[in-house]
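Accompanying notes for the structure given below.
Lettering follows sequence order; numbering is per chain, from 1. Note that the coordinates shown come from a computational prediction; the quantities given were computed from them, not determined experimentally. Computation of the quantities below employed the complete heavy-atom set of this structure, encompassing side-chain atoms and omitting hydrogens, waters and symmetry-equivalent molecules.
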There are 2 protein chains.
Amino acid sequence: MIEDVGGAEPLPGLSRERVLREAMRLADEHGMDALSMRKLGRVLDAGAMSLYHYVASKEELLDGMVDLVFAEIELPTREGDWREVMRRQLASARDVLVRHPWAVPLMESRTNAGPAGLQYREAVTACLRRAGFSIEMTAHANWLLSSCVYGYVLQEVNLPFDTAEDLAEMADEVYLPLLAPDRYPYLSETASTLLAGGYDHTAEFDFGLDVVLEALERLRVRSAGRD
Amino acid sequence: MIEDVGGAEPLPGLSRERVLREAMRLADEHGMDALSMRKLGRVLDAGAMSLYHYVASKEELLDGMVDLVFAEIELPTREGDWREVMRRQLASARDVLVRHPWAVPLMESRTNAGPAGLQYREAVTACLRRAGFSIEMTAHANWLLSSCVYGYVLQEVNLPFDTAEDLAEMADEVYLPLLAPDRYPYLSETASTLLAGGYDHTAEFDFGLDVVLEALERLRVRSAGRD
DNA sequence: GCGTACACCGTACGACGTACGCTGTACTAT
DNA sequence: ATAGTACAGCGTACGTCGTACGGTGTACGC
């Protein structure tokens with residue numbers, strides 16, 4: 001059967017690229033639960049089994065999606081203060097992961113890094129090494145910074161509100177009753193304060209990142225002075 | 001039908017407690033994929049549908065499991081230097097999460113904190129507040145420390161080896177071919193070095209934690225001096 | 001004109017979560 | 001004693017999932 005190449009829509013037949021892209025779109029818009037081979041096929045005007053010409057299995061599809069996510073993250077630039085460079089880079093990583101929240105748990109259970117994932121890690125490692133960190137310290141820093149991003153996004157996508165208004169709306173109905181002050185005095189104190197002052201995901205992220213970057217800088221300078 | 005109370009095995013009929021415990025055992029031993037209502041029922045000598053008398057849905061079952069995991073984490077003690085207390089506490093958290101790796105992605109997609117989860121967060125918040133952190137700074141510290149633990153465990157359970165021997169074994173077959181030095185010079189440099197020196201998950205965790213704790217202590221002292 | 005390769009699909013199998021309605025037992029009110 | 005009610009547990013069935021398998025038609029080399 002010949003491919004229907006009539007429409008103005010992007011229908012250049014199937015391709016691995018198109019399959020992965022559409023899978024990402026489905027996951028972004030309707031969540032990971034909505035991503036089934038049948039639904040993906042339907043979106044692509046194809047049968048479920050046709051997809052298996054481009055991905056070996058659903059697992060491999062997920063691997064590919066994760067790699068596409070890595071490819072979206074800005075790589076560290078080559079010049080500039082390493083802290084500034086990493087700040088920009090990690091902000092981009094957070095951005096991308098928040099935009100594709102399904103990717104975080106996926107990265108966790110996935111062992112096979114794709115080319116984009118490898119290139120990403122290579123670039124970050126390179127940035128730290130060029131800044132003067134030793135190999136061991138680079139490994140430490142790499143771990144710590146990645147932890148912050150992963151952990152932060154994990155927490156951000158978890159919270160059931162996106163904006164300060166959402167938060168204020170939910171507070172009365174859900175949070176305050178849950179956090180009875182007599183049972184959870186400290187939590188409820190914190191909740192009230194944050195509620196009053198507004199809550200900004202980005203500010204929270206930047207603050208933590210700053211603490212870590214400055215601490216690492218101190219270690220870098222100290223070890224450099226010892227050379 | 002009367003319950004068969006003959007055997008020496010722990011068979012006190014069904015109960016929410018028993019259902020949750022057995023679900024955890026299944027997930028621990030055979031992974032999250034193996035946790036289905038049918039299999040869980042079989043392990044409990046019951047039909048799948050009987051479980052629905054103790055959990056409203058599989059989602060609620062997962063909520064309960066997550067809360068049991070929180071309950072396993074040691075709470076911070078009341079006295080001692082806050083850094084030492086938190087170090088112990090977070091080490092316990094890492095320990096528990098590595099023992100139940102399925103819990104990490106679960107915590108991510110779960111909005112409803114159970115009593116143990118709330119109590120855990122309350123205790124950590126209390127510890128930081130009593131150490132002298134402001135409400136805002138406590139929130140920051142809480143976020144940062146949690147991120148480290150989550151992110152760290154995310155990375156640890158990801159790595160396909162547990163011990164240094166495992167790593168050495170896999171290295172030749174998998175890592176070194178993957179990390180071609182001409183394409184990924186920095187990564188392969190790091191891999192060789194870490195391989196030669198051995199790799200210790202605990203040391204890596206402790207190092208990063210120390211960096212963060214010391215940085216937070218500096219902030220605490222500085223703000224205390226301003227009072 | 002024929003053979004082969006390939007893109008694609010329909011069907012089917014065994015798993016899954018769970019809605020529904022049926023059992024048999026235990027307890028309470030009369 | 002009897003009837004009524006509540007409840008623990010189960011069997012069956014529906015619609016979903018991933019995917020193995022065996023088609024079917026078109027394109028192209030000989």
Side-chain angles (χ1 to χ4, degrees), chain A residues 1-7 9-27 29-66 102 105-106 109-110 112, chain B residues 1-7 9-27 29-66 102 105-106 109-110 112:
Chain A
M1 206 205 302
I2 233 173
E3 195 57 41
D4 170 26
V5 253
E9 304 129 50
L11 266 179
L14 258 40
S15 74
R16 187 180 163 89
E17 175 74 10
R18 226 162 81 71
V19 169
L20 291 179
R21 290 264 168 238
E22 217 56 40
M24 280 185 67
R25 241 169 41 84
L26 254 181
E29 291 175 12
H30 300 93
M32 213 42 172
D33 287 347
L35 177 60
S36 75
M37 298 304 269
R38 280 173 237 261
K39 290 207 188 87
L40 184 52
R42 209 172 308 142
V43 170
L44 288 160
D45 274 327
M49 291 315 291
S50 308
L51 308 178
Y52 284 90
H53 281 276
Y54 305 98
V55 293
S57 65
K58 187 166 190 188
E59 281 299 290
E60 216 242 352
L61 172 78
L62 299 181
D63 282 341
M65 291 169 68
V66 167
W102 45 265
L106 276 195
S109 55
R110 224 127 295 276
N112 324 326
Chain B
M1 206 208 298
I2 232 174
E3 196 55 43
D4 170 25
V5 252
E9 305 127 48
L11 266 179
L14 257 42
S15 74
R16 187 179 164 89
E17 176 75 11
R18 228 160 80 70
V19 169
L20 291 180
R21 290 264 168 238
E22 217 57 41
M24 280 185 66
R25 240 168 42 83
L26 254 181
E29 293 175 11
H30 300 95
M32 213 43 172
D33 286 347
L35 178 61
S36 77
M37 299 304 268
R38 281 173 236 261
K39 289 207 190 85
L40 183 52
R42 210 172 308 142
V43 170
L44 287 161
D45 274 326
M49 290 316 291
S50 307
L51 307 177
Y52 284 87
H53 281 277
Y54 304 97
V55 293
S57 65
K58 188 168 189 186
E59 281 299 288
E60 217 242 352
L61 172 78
L62 299 181
D63 282 340
M65 291 169 67
V66 167
W102 45 266
L106 276 194
S109 56
R110 223 128 296 275
N112 323 324

Checklist entry - Which of residues 30-42 of chain A have a heavy atom under 4.0 Å from DNA chain D? => result A/Leu35, A/Ser36, A/Met37, A/Arg38, A/Lys39
Item to check | Per A/Met49 side chain, nearest of listed nucleotides D/dC21, C/dC8, D/dC10 | outcome: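 Given the options D/dC21, C/dC8, D/dC10, the side chain of A/Met49 is closest to D/dC21.
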Next on the checklist: Can you list everything that forms a side chain to side chain donor-acceptor pair (under 3.5 Å) with B/Arg42? Sequence neighbours excluded, please.
Outcome noted: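 Listed in chain order: nothing, the list is empty.
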Item to check | Residues touching DNA chain C, which here means a heavy atom under 4.0 Å, drawn from residues 51-66 of chain B | outcome: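 Going residue by residue through residues 51-66 of chain B, the ones with a heavy atom under 4.0 Å of DNA chain C turn out to be B/Tyr52, B/Ser57, B/Lys58.
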Next on the checklist: Could you report the tightest heavy-atom contact between B/Ala46 and B/Leu14, atom names first, then the distance?
Outcome noted: CB-CD2, 3.9 Å
Next on the checklist: I need the minimum non-hydrogen distance between A/Leu61 and A/Ala23, along with the two atoms involved.
Outcome noted: CD1-CB, 4.1 Å
Show every donor-acceptor pair shorter than 3.5 Å between a side-chain atom in residues 50-58 of chain B and any protein atom, with sequence neighbours excluded, or say none if there are none.
unit_1, atom_1, unit_2, atom_2, d
B/Ser57, OG, B/Glu59, N, 3.4
B/Ser57, OG, B/Glu60, N, 3.3
B/Lys58, NZ, B/Leu35, O, 2.7

Next on the checklist: Nearest 0.5 Å, please: how far is CZ in A/Arg25 from CZ in A/Arg18?
Outcome noted: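 Rounded to the nearest 0.5 Å, the CZ-CZ separation comes out at 10.0 Å.
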Checklist entry - About how many Å separate CE of A/Met24 and CG of A/Leu40, when rounded to the nearest 0.5 Å? => result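 Those atoms lie 12.5 Å apart.
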Next on the checklist: Going by salt bridge (charged side-chain N to carboxylate O under 4.0 Å, His left out), name the residues that satisfy it together with A/Arg21, two or more places apart in sequence or in a different chain.
Outcome noted: A/Glu17
Checklist entry - Does a side-chain heavy-atom distance below 4.5 Å link B/Met32 with B/Leu62? => result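 Side chain of B/Met32 against side chain of B/Leu62, heavy atoms only: contact under 4.5 Å found.
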